[in-house]
*Asks:* 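Pasting in a structure now, in structure tokens, and then I'll have a few things to ask.
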Amino acid sequence: MKPDSAPQALLDAVDGDAMLREVQEWAAINTGTANIAGLDTMAGVLADAFSALPGAVELVDPAPVTAISADGHEFEKPHGRHMVLRVRPQAERRFVLTGHMDTVFPVDHPFQQVGWLDDDTLNGPGTADMKGGLDVILHALKLFETVEGSDRVGYDVMINSDEETGSLASRGLIEELARGKYAALTYEPSALPDGTLAHARGGTGNYSITIHGRSAHAGRNPHEGRNAVVAASDLVLRIAALATDDITVNPAKIEGGSANNVVPDLAVLRFNIRPKSTEAMNRFDAQLDAVLAAIKAQHEVGVHRHGGVTRPPKPVDEKAQRLFDLVRDCGAALGQTIGWIPSGGVCDGNNIAACGVPVVDTMGVRGGAIHSPDEFMIVPSLRERAALSALVLTRLSTGDHL
Ligand SMILES: [Zn+2]
């Protein structure tokens, strides 16, 4: 085989018709993050599909996740199972490939159908984000298994059921599978429809702070009350003041309160933060502790903190940059021009990077308008991206460390 013929041979070997058929079938299954029945169906379909690869497929129970209700109570939120495939776990050099089976479209959302926008563009829920990407993983690995030397390396595939709500029920699993891996590839759609990758990402965190005051009559004995709404309002101003150039703080919602003639004894404040750096993330955490202690002391209220950073910031270090360069070079060998831009979004790539593993997290299809009924996938990108990943894995399987 001539040196340049290998990439083209990979591309020629991808069965684009089979890929398209699978994506159409998978997108027709509703997998809104809260649709446990739909996720269960999808997990079964994926387990069957990935059984075509060597190794063992397993459906893993979600980790328990709680949330805070409007009346301040902690309750458990159900989640779907995650799919894990482990191939040659004893190999010294191993990779992890990740994707998610859930979408942002609940079972009662009007956007459920797949349809054509033009000859090359498919519109449908999850086509780009990321059932197309899941199919790219499957076919890239099928192709990779035919490559000489692939049996010297191993890999895990993890497809979670809860990425769109922050991977709270799969975060531990992601970290467990990422640790010790040589490199990671995640199959979010490209950042731009031309195939541009997402580079560095900020992080995100979500908090619910429950404040318990003491109720009293607003006219007769207000001094005996401890006003939870006043304490929550004070808290809003204090956390908003913690925003700086490297972190945004968005107080989003206050729930609670009571009748006009009652000093309210309950308030729940929800807020989101977006740290741009690990330093900003850690600084905010310490500042929040101090602010909550001050609120508690000055307003004589109970304060309960729930939540935190779910996606640490993802800077691109030297090792990760070498992986980006490799993806670009493999793209060039296949006739694909691949660049990158920083992204304001977050994904499982954030959590993988936090484990010290180099990751490129937009290896999925080319597409766009995700999280909207205009979501689309560019169909030829199924083959392009499957060949790209197969080539990247081939190059990663030999040679020096990243
Ligand atoms: Zn996604």
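When a ligand or atom number is given, it counts from 1 through the structure's own listing order. Start at 1 with the first residue, then count along the sequence.
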*Asks:* Have a look at Glu188 and say which of its N, O or S atoms is nearest the Zn ion (ligand 1).
*Replies:* OE1

*Asks:* Run the salt-bridge test on Arg214 and Glu300 with the 4.0 Å N-O cut-off and return the result as yes or no.
*Replies:* no

*Asks:* Does the cation-pi check pass for Arg94 over Tyr155, that is, NZ or CZ under 6.0 Å from the six-membered ring centre and within 45° of its axis?
*Replies:* no

*Asks:* To the nearest 10°, what's the angle at the Zn ion (ligand 1) between atoms NE2 (His100) and OD1 (Asp129)?
*Replies:* 100°

*Asks:* Tell me whether Glu163 has at least one N, O or S atom under 2.8 Å from the Zn ion (ligand 1).
*Replies:* no

*Asks:* Does any donor atom in the side chain of Asp102 or Thr33 lie under 3.5 Å from an acceptor atom in the other side chain?
*Replies:* yes

*Asks:* Are a donor atom and an acceptor atom from the side chains of Thr362 and Tyr187 found within less than 3.5 Å of each other?
*Replies:* no

